[in-house]
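Encoded as structure tokens, the structure appears first; notes follow it.
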Protein chains: 2
Amino acid sequence: MGNVNIKDLAHALGLSTSTVSRAFRGNSDINPKTKERILAQAKEMNYLPNHYASNLRDQRSHTIAVIVPELANNFFSQAINGIEKIAQKNGYHILIYRTGDDFEKEVSFINALHNGRAEGIIMSVSGESQNHSYLKTLKAKGIKLVFFDRVYDDIPASKVITNDYESSFLATKHLIEAGCKRLAYLVINKKLSIGKMRMQGYLDALKESSIPFDEELIINCSNEAEENHKILRKVFTNLKPDGVFASVERLAIASYYTCQHLGLSIPDDMKIIGFSSLEIAPLLNPSLTTVTQPAYEMGIKAATLLFDSLKSPEPAHDFETLVLESKIIQRKSTS
Amino acid sequence: MGNVNIKDLAHALGLSTSTVSRAFRGNSDINPKTKERILAQAKEMNYLPNHYASNLRDQRSHTIAVIVPELANNFFSQAINGIEKIAQKNGYHILIYRTGDDFEKEVSFINALHNGRAEGIIMSVSGESQNHSYLKTLKAKGIKLVFFDRVYDDIPASKVITNDYESSFLATKHLIEAGCKRLAYLVINKKLSIGKMRMQGYLDALKESSIPFDEELIINCSNEAEENHKILRKVFTNLKPDGVFASVERLAIASYYTCQHLGLSIPDDMKIIGFSSLEIAPLLNPSLTTVTQPAYEMGIKAATLLFDSLKSPEPAHDFETLVLESKIIQRKSTS
DNA sequence: TTGTATGCGTTATCAT
DNA sequence: ATGATAACGCATACAA
């Protein structure tokens, strides 16, 4: 495939490879004129220092990895935007991995990343209830790890999260103040740390308002739209809740569809609030009251933490946990 | 950082590095028992073949790059999902780059990718009106290129697009049949190939219906929500169109906001149709009539084309252009 | 089946 | 300011 290397270039110029190499590095001593000549010839011959050779030499890949459950999701795509911005600023490249909430995949991605491909990893996790020892070997390899949004509490690492407990408490209170008596809590996976914190906020708000807790109203949903439909149709019909707190965006959406299907009016028959990063929540019918996380900013912060630790001397004992604030934005679905 | 290499492992086992190496390659002759021993010890010592060394050896990065204008966008994130699926199936990693519609960035990403980091590139472009010669040197490096959705007509490469002209023609006809007389066409960048095809469909549909073409009603918008607001407020107030064809999703959304702001009723005062991959178009107020591209499938196809060409022997002269069909889904915004 | 030796392309060290 | 050389970690051709 006729690739040009530093030797070809040196030969073409009648110089040594070391001199040519110097032209591409910032610091080294080199005659400006020689450098100019080299750069010109390089352009001519379409030469660029080989990434793999360079990185083998100095053991830096200038690459970070991002592992998320989902890409086609407003929260994660906005967060990745933030990560991307910081990475670009630092001249780093981004590898993207999507787990689809499959823990096996998460493990296999992490294992594959032990080979030096990436200097650091930013991850939102999918296996709260699992064994996390597969993450421990990263440290030995000098690979830095930062969690965001969905984290493992038992793994020491920097973390960027939101005040899930508090905003869930407030969201539930909001439904109660709007007049709801039977509040359903919709969750994808009860065991995820996110799910737990959010549920605790819900539970405590009920208790504070002396609303009896009904276990039946904790609804375990899925990642499949069709299945959620089926579940919610049954729940809305049989258990007749008058308020829904969706712990993730897609469950709020599913609730809308189900209400539409069953002819239930929002907010008259059913009030809905949900975690969501949907930019067009105001345009829904009716507009959706949301708990909105600062997704983009979380990406910025997570990446910033990672690069800080990448720049600092090797060991990292002092892990930071950044807690950003979600906002409850009241709209017509609860009014 | 105490990294283990093949030598350490070989030493620990009393074997040669070549034998150890063989344990990690699929094909080579090696005693199954020896292999087992090696793998066990490798696990013990947390050894994995160094990615950069391997790839320097055999000149394959097992990595592809994806360059898109935007990540937090339903169309692109769904397309990337498709790409991701195929890449995973092939054991490849994905580098992601976001141009933000900045042509300079596109060029600089491409230039950086000449160094062997990726074996192939899947791109949706941002600089139709620019000089594209910076792409020509990829071929000499053996780096394969596939375009999707937004393509450069003057660059020979495989392409995955949708029937933009036809669906725009039909979308415009749909507005006309719904009774619109003054149809605005909203576009971000007139010069993009996508924009051109879509506009031509609009123009021809007007002509076929003997509706006079009013240059004023071709509205050049921006990527900024605020600016679009300003533009649309002015247009809707002064030019009083009764129908809007949004060539990209965000302009349909902006139109909704502007109508809301101006107190215009959709569809009574203004009918709206737009290209969109929004999953919740049915939930908008009113539900949005869309031209929906098969985003996920486009990603699948683009990646498949790329891997086909990666697997085939070096030269690639026979470029394919795949045209997938968009669907017009009629909802209340035009009824 | 295993070991030895060489080269992938680059860059830092040392010498000139 | 420039050149020769060794080493980064691995995988293959070849030898045993």
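Each chain gets a letter, A, B and so on, in the order its sequence line appears, and its residues count up from 1. These numbers come from the heavy atoms of this one structure, side chains and all, not from hydrogens, waters or symmetry mates.
Between B:L9 atom CG and D:dC10 atom C1' the separation is 13 Å, expressed in whole Å. Put simply, CD1 on A:I6 is 16 Å from C1' on C:dG7, counting in whole angstrom units. One can place CD of A:Q59 at 9 Å from P of D:dC8, the figure rounded to the nearest angstrom. Between B:K7 atom NZ and C:dG3 atom P the separation is 15 Å, expressed in whole Å. In this structure, B:Y52 places its OH atom 14 Å from P of C:dT11, rounding to the nearest Å. Computed from coordinates, the B:D8 CG to D:dC8 C1' distance equals 13 Å when rounded to whole Å. Atom-to-atom, CG of B:D58 to P of D:dA13 comes out at 12 Å; the value is rounded to the nearest Å. Counting to the nearest Å, the P atom of D:dC8 and the CG atom of B:L56 are 14 Å from each other.
Note that the CD1 atom of B:I94 and the CG atom of A:L95 stand 9.0 Å from one another [nearest 0.5 Å].
The pair A:E119-A:K144 does not count as a salt bridge, with every side-chain nitrogen at least 4.0 angstrom from each carboxylate oxygen.
The two residues B:R117 and B:S61 make their nearest non-hydrogen contact at O-OG, 3.2 Å.
Using cut-offs of 30° and 60° for the angle between ring planes, the B:H93 and B:H51 rings count as tilted. Taking the six-membered ring for Trp and thresholds of 30 and 60 degrees, B:Y92 and B:H62 have ring planes inclined between 30 and 60 degrees apart.
Of the residues in residues 41-51 of chain A, none has a non-hydrogen atom less than 4.0 angstrom from any atom of DNA chain D.
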With ring-ring contact (aromatic ring centres under 6.0 Å, His included) as the criterion, how do B:F75 and B:Y296 come out once you've worked through the C-alpha distance, each side chain's angles and the decisive distance to 0.1 Å?
CA-CA 8 Å; B:F75 174 73; B:Y296 179 75; over 10 Å; no
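An OP1 or OP2 oxygen of D:dC10 is reached within less than 4.0 angstrom by no side-chain nitrogen or oxygen of B:R25. In terms of phosphate contacts, A:R57 brings no side-chain nitrogen or oxygen within less than 4.0 Å of OP1 or OP2 of C:dG9.
In this structure, the side chain of B:T19 does not engage the main chain of B:L15 through any donor-acceptor pair within 3.5 Å.
At the heavy-atom level, B:S54 lies under 4.0 Å from the strands shown only through sugar-phosphate atoms.
Screening A:V323, A:L322, A:V151, A:D149 for a side-chain contact (heavy atoms from CB on, under 4.5 Å) with A:V160, the sole residue that qualifies is A:L322.
When only modelled atom types and interatomic distance are considered, B:N31 and B:E36 share no side-chain donor-acceptor pair under 3.5 Å.
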Just the atom pairs and distances: protein N or O near nucleotides 1-4 of chain D's N or O, under 3.5 Å.
residue: D:dT2; atom: OP1; partner: A:T34; partner atom: OG1; Å: 2.7
residue: D:dT2; atom: OP2; partner: A:N31; partner atom: N; Å: 3.0
residue: D:dT2; atom: OP2; partner: A:T34; partner atom: OG1; Å: 3.1
residue: D:dG3; atom: OP2; partner: A:S16; partner atom: N; Å: 2.9
residue: D:dG3; atom: OP2; partner: A:S16; partner atom: OG; Å: 3.2
residue: D:dG3; atom: OP2; partner: A:T19; partner atom: OG1; Å: 2.5
residue: D:dG3; atom: N7; partner: A:R22; partner atom: NH2; Å: 2.7
residue: D:dG3; atom: O6; partner: A:R22; partner atom: NH1; Å: 3.4
residue: D:dG3; atom: O6; partner: A:R22; partner atom: NH2; Å: 3.3
residue: D:dA4; atom: N7; partner: A:S18; partner atom: OG; Å: 3.1
residue: D:dA4; atom: N6; partner: A:S18; partner atom: OG; Å: 3.1

